[in-house]
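Both counts, for ligands and for their atoms, begin at 1 and track the order of listing. Throughout, residue positions are numbered sequentially from 1 according to the sequence presented. All values reported here derive from a predicted model rather than from experimental measurement.
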Amino acid sequence: MSAPKHDAGFSLVEVLVAMGLFAVVGTLLLGFALSTSSVSDDARSSSDLTGESRIAMERMARELRQASDVIAVQFQSATSTTTAITFWTDFDGDGVRDLDAADPEVLTYRWEPGTARLTLTADDASGAAVTRPILSGDVVSLDLRLRSSLWQYDGELDGTLDGVTSWEELDAAGAPVGNLNGRPDDPELEHVDLVAVRLVVADGDGTQTFSFQADLRNRSQT
Ligand SMILES: [Ca+2]
Ligand SMILES: [Ca+2]
Ligand SMILES: [Ca+2]
């Protein structure tokens with residue numbers, strides 16, 4: 001009679017194989033955990049950027065809606081890469097352009113493609129112009145559209161009626177709403193009552209786009 005076969009436990013080879021498997025599985029799990037955390041880091045910085053851009057756009061929209069005057073607009077041209085808009089918002093409602101108030105009323109938003117920065121220029125309490133970036137991220141483009149509710153000038157540029165009167169059409173119409181110089185200056189800006197803004201910011205390998213349209217309620221055309 002032979003003795004019943006007992007399970008003699010694990011052989012050395014079995015133990016080594018098991019340890020090897022644990023090592024492989026552990027490495028895979030660790031790699032997965034690390035990649036998950038780097039994905040969530042990316043998501044976090046992306047949502048910071050989204051929040052920051054959204055806040056900046058909401059602020060700009062609010063200021064523009066209350067604006068009493070669009071003072072100057074600069075578009076990219078043969079001689080300049082700058083896109084900028086300067087406007088006056090009478091925050092304290094006294095009808096005066098307060099330049100050296102604690103809450104400055106003349107604001108310039110400016111985008112320079114060379115630096116990829118969107119900046120805000122306003123006077124400080126002593127009246128000195130202060131420029132600071134308002135977004136930490138790179139701005140790929142800032143697109144400004146200036147429109148007027150003077151519908152009768154729609155199509156002035158090339159006869160195309162699209163239901164929207166642009167500053168270009170006011171300019172092409174000549175006096176009293178334009179001055180035929182191909183630039184957005186006083187005669188046209190006086191009749192602009194809607195500003196559409198489109199901002200594109202770099203986000204990792206891609207971009208995010210933010211846009212709004214602001215009715216300049218304080219300057220409806222009569
Ligand atoms: Ca004021
Ligand atoms: Ca048009
Ligand atoms: Ca003009």
Side-chain angles (χ1 to χ4, degrees), residues 56 58-111 119-132 134 141-198 211-222:
E58 278 167 7
R59 177 181 164 180
M60 189 177 176
R62 193 170 57 242
E63 291 164 349
L64 270 168
R65 283 194 187 101
Q66 299 171 23
S68 303
D69 199 6
V70 178
I71 298 167
V73 174
Q74 191 180 350
F75 292 115
Q76 289 185 308
S77 68
T79 53
S80 167
T81 57
T82 303
T83 300
I85 180 167
T86 301
F87 56 93
W88 166 44
T89 301
D90 192 11
F91 290 117
D92 62 2
D94 66 354
V96 177
R97 282 187 196 189
D98 296 300
L99 292 176
D100 55 357
D103 203 3
E105 297 185 337
V106 174
L107 308 173
T108 300
Y109 284 90
R110 181 181 289 110
W111 172 65
T119 60
L120 173 62
T121 302
D123 287 358
D124 67 9
S126 67
V130 175
T131 298
R132 61 182 194 281
I134 57 166
S141 72
L142 175 69
D143 184 45
L144 300 173
R145 301 282 162 92
L146 312 174
R147 297 189 184 135
S148 172
S149 57
L150 297 175
W151 313 119
Q152 63 270 36
Y153 298 106
D154 184 20
E156 283 288 341
L157 195 58
D158 58 6
T160 309
L161 298 166
D162 62 358
V164 173
T165 302
S166 63
W167 75 264
E168 291 94 332
E169 288 166 326
L170 294 177
D171 185 67
V177 296
N179 62 358
L180 300 159
N181 68 354
R183 289 199 306 274
D185 37 21
D186 282 347
E188 301 93 39
L189 294 182
E190 229 170 80
H191 296 94
V192 164
D193 47 31
L194 187 146
V195 178
V197 176
R198 190 166 166 277
S211 58
F212 67 83
Q213 289 195 4
D215 269 306
L216 279 54
R217 292 184 296 224
N218 292 340
R219 49 178 344 198
S220 56
Q221 306 293 333
T222 50

Q: Using the side-chain contact (heavy atoms from CB on, under 4.5 Å) rule, take Leu194 and Leu216 through it: C-alpha gap first, then chi angles, then the decisive distance, then the call.
A: CA-CA 6 Å; Leu194 187 146; Leu216 279 54; 5.7 Å; no

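Here the straight-line distance linking atom CD1 of Ile85 with atom CZ of Arg110 works out to 12.0 Å at 0.5 Å rounding. Here CG of Asp162 is found 8.0 Å from OG1 of Thr165. Values are rounded to the nearest 0.5 Å.
Considering only heavy atoms from C-beta on, Leu144 stays 4.5 Å or farther from Trp111 through its side chain.
Heavy-atom contacts from other residues, nucleotides or ligands closer than 6.0 Å to CZ of Arg145 number 12 or fewer.
In this structure, O of Val164 and OE2 of Glu169 enclose an angle of 130° at the Ca ion (ligand 2), rounded to 10°. Seen from the Ca ion (ligand 3), atom OD1 of Asp185 and atom OD1 of Asp171 lie 170° apart in angle, a value rounded to 10°. Geometry at the Ca ion (ligand 3): OE1/Glu188 and O/Arg183 form an angle of 80°, nearest 10 degrees.
Side-chain atoms of Asp90 come within 3.5 Å of backbone N or O of Gly95 as a donor-acceptor pair.
Each protein N/O/S atom under 3.0 Å from the Ca ion (ligand 1) was counted, for a total of 7.
Side chains of Asp143 and Ser141: no donor on one and acceptor on the other come within 3.5 Å.
In this structure, Tyr153 and Glu169 approach most closely via the heavy-atom pair O-CB, 3.5 Å.
Taking the N/O/S atoms of Asp154 in turn, the shortest distance to the Ca ion (ligand 2) belongs to OD1. Sorting the N, O or S atoms of Asp162 by how far they are from the Ca ion (ligand 2) puts OD1 first.
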